[in-house]
Amino acid sequence: MQATSKSMPKSIARQGGAQQPRTPGPRRFDPLAMLSNSEMQAALGSGLIMLAAWATSGWSEVLSVILYVISYTLGGWMKAKEGVETLVKERDLDVNLLMIAAALGAASIGYWNEGAMLIFIFALSGALESYTMERSKKDISALLALKPATAVRIEQGAMSEVTIDQLVLGDLLLVRPGELVPADGKVCRGESSVNQASITGESLPVDKAAGSEVFAGTVNGEGPLYIEVTKTAENTLFAKIIRMVEEAENEVPDSQRFIKRLESVYARVVVAATVLLITLPPFVLDWSWSNTFYKAMVFLVVASPCALVSSIMPAMLSAISKSARKGILFKGGVHLENMARTSVVAFDKTGTLTEGIPQVTDFIAGEGYVREELLAVSASIEKLSGHPLAEAIVALAEAEQIGLRDIEESQSVTGWGIEGVIDGQLWRIGKSNLLDEAAGAATDHWMALRSSLEQDGKTVSLILAGETIAGMIALQDTVRPQAAAAVRKLHDLGIKVAMLTGDREATARVIAGQSGVDLVFAGLLPEDKVSHVKALREQYGHVIMVGDGVNDAPALATATVGMGMGMKGSGAALEIADVVLMNDNIEEIAGTIALARRTQRIVKQNMIFAVTVIATLMISNFVQGIALPFGVVGHEGSTILVILNGLRLLR
């Protein structure tokens, strides 16, 4: 029998601390936050001291040199440290050492200001990239600041403060207005609105009442809530998000890995070429040593791949950051990169395109039976079952305010349905396959009616009074309100939409027709879904699989990008998924793909621009000769431009 808990909580706890938590909201580009970055402060300090050194060079050369040395140290210390660590620990060269070497080389031939300018702009570009990474991490993991720490548990009148890890399943918690929800659970008593922005990205609070789900880390509104703990601390949605954030911080796209490998080889080539440029021209081209060294330093500056190295990650992190603010969590940049190439989006049906909650669409009473009385009998018997179809029948009776009857005895019939006795009459409710075993005019009528209902994709059950058919119930899972809009937006991007479901063909076709899905694959087991995802990848290319259940996990792993539903998704689906829709809003999928494509366009723009600038400066240095200041501004300026181009995605 269904439990209806109206008793007082066996244990009451509240989240400790009187300060009302603040939920993270959307953030825009903040110059003040950028200036608080220590790297940015060092870079700007280096620039100011460089200007002071230049201003004093006319009347005190010694003071000017001292200021330049301070400028070099302040702006270049962090980059020099990174370069030396790479050289010592990984036995590899990187762009940091190239830039420091070029600056010191410029100073060694008297171009103190040019070297300081190089250090300043290089440090500035590095600070911008660091700001982008910090901003992204804050947008992804701002919710970590909302992690509840302790709770006060009250048992038999005694209070004891415990950590969240000490809470166990079944504990009932009191969450007061303005406090954090300490654990995932179900509301037992009370009504309030809860701000779920930290979990789902929803901008408006969500009303909660008895039976509603709540999540750890969300903020209670104006009313107290009694919550029964349904998940331990390590299994909460909050804890899963933390693990996803950690994965996102460690995962980099394939293009960035390629650039990193290229940087290592390229740096060696540039160093070798610089050495040759210093040693050969005086003998081969009869250049002076000072002219040769100057051109070599210009080459070392303009040939360094700073802009190319910065072409990818700032843009990727900005896009991931923007998605996180909308409640879409990527487990790494590689998945954003793959999403940009999507050709097909495959949806599971139940709980993804549909609500996952069946509803009674037709309740038909047979001749000689009153509909209201028959519904009362059916709901009274089904009240004892926890099956989703039974719950739908009970919900219909409650919606029509029909009173339930007393049950004398009842039992479930394995593989068929349920039966019970009311006022001495045996009633049975179950599958309609009994029609296939009967005959007669009355049976023909019910079979024709069943056929018509099943053609509409509905699941049909019979109501029997003894051995006589008393009525028929048709139930159907309803399409989510945003399903058709989500599919239409995907079509606008030129993407095909498929549906993979274990449901019957007729039901699947009806749902596909209502939502606009192109390809329908029905009657599938989990292994069949995997086979169809593989086939779609072979035929069309990159495939996104969207699912929420344990049975979807293998298909999520097989797809190019697996996308899980954060609110209703199973633990297995969330663990396997590469991207998680925290608010379960499938309309966001098209926008996320569009953002991924825009990111790829910006990355390509950056790379083409960076390579063009490097090639132009290198050729100009040898064909006509360019001044070191121009080389510094041209090369490092291009680095800043590609980073700022990536930052546009934060808007």
Side-chain angles (χ1 to χ4, degrees), residues 42-43 45-84 86-88 93-126 266-306 614 617-618 620-622 625-637 639:
S46 171
L48 291 173
I49 296 172
M50 175 191 70
L51 290 175
W54 174 77
T56 59
S57 61
W59 55 274
S60 177
E61 186 175 349
V62 174
L63 178 59
S64 176
V65 170
I66 292 173
L67 290 174
Y68 276 130
V69 170
I70 296 173
S71 175
Y72 276 53
T73 304
L74 184 60
W77 173 255
M78 293 184 69
K79 294 298 181 183
K81 183 181 177 183
E82 291 176 15
V84 171
T86 302
L87 183 64
V88 173
L93 285 172
D94 67 7
V95 71
N96 295 308
L97 275 187
L98 293 185
M99 288 296 95
I100 299 301
L104 294 176
S108 69
I109 57 175
Y111 289 88
W112 286 95
N113 193 63
E114 285 77 359
M117 188 185 301
L118 174 59
I119 291 287
F120 164 62
I121 302 178
F122 184 57
L124 184 62
S125 64
Y266 188 84
R268 293 192 185 96
V269 172
V270 169
V271 170
T274 303
V275 172
L276 291 175
L277 284 173
I278 293 173
T279 56
L280 292 182
F283 300 104
V284 178
L285 302 175
D286 198 26
W287 289 1
S288 66
W289 284 103
S290 61
N291 186 40
T292 299
F293 196 81
Y294 184 85
K295 283 189 175 291
M297 290 305 99
V298 174
F299 172 79
L300 186 57
V301 171
V302 302
S304 297
C306 303
I614 292 172
L617 292 174
M618 287 174 62
S620 299
N621 184 41
F622 291 109
I626 58 174
L628 183 57
F630 182 81
V632 169
V633 173
H635 184 267
E636 293 307 314
T639 303

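The shown structure was predicted, so the numbers you read here are calculated from the model rather than taken from an experiment.
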- Least distance between heavy atoms, Leu67 atom then Ala53 atom: CB-CB, 3.5 Å

- OG1 on Thr73 to OH on Tyr68, rounded to 0.5 Å: 14.5 Å

Please report, to 0.1 Å, the donor-acceptor pairs under 3.5 Å made by any side chain of residues 273-285, with sequence neighbours excluded.
from	atom 1	to	atom 2	distance (Å)
Thr274	OG1	Val270	O	2.7
Thr279	OG1	Val275	O	3.0
Thr279	OG1	Leu276	O	3.4

- Rounded to the nearest 0.5 Å, how far does CG of Asn621 lie from OH of Tyr294? 9.0 Å

- Message: In the structure I gave you, are the side-chain heavy atoms of Val302 and Ile614 within less than 4.5 Å of one another anywhere?
- Response: no

- Message: Can you give me the closest heavy-atom contact between Met297 and Ala101, atom names plus distance?
- Response: SD-O, 4.4 Å

- Could you tell me which non-hydrogen atom of Phe120 sits nearest to which non-hydrogen atom of Ala43, and how far apart they are? CD1-O, 3.1 Å

- Message: Is the shortest side-chain heavy-atom distance between Ser108 and Phe293 below 4.5 Å?
- Response: yes

- Query: Only one of Ile66, Leu51, Ile49 forms a side chain to side chain contact (heavy atoms under 4.5 Å, CB included) with Ser71, so which one is it?
  - Reply: Ile49

- Task: Flag the pair Tyr72 / Trp112 as yes when their ring centroid distance falls below 6.0 Å, and as no otherwise.
- Result: yes

- Task: Any chance you could measure Ile626, atom CD1, to Lys295, atom NZ, to the nearest 0.5 Å?
- Result: 8.5 Å

- Pairs where residues 57-66 contributes a residue and the test side chain to side chain donor-acceptor pair (under 3.5 Å) is met, not counting sequence neighbours: none

- Message: If I compare all heavy atoms of Ile119 with all of Ser46, which pair ends up nearest, and what's the gap?
- Response: CG2-OG, 4.1 Å

- Task: Determine, step by step, whether Leu617 and Phe630 satisfy the side chain to side chain contact (heavy atoms under 4.5 Å, CB included) criterion, reporting the C-alpha distance in whole Å, the side-chain angles of both residues, the deciding distance to 0.1 Å, and the verdict.
- Result: CA-CA 9 Å; Leu617 292 174; Phe630 182 81; 3.9 Å; yes

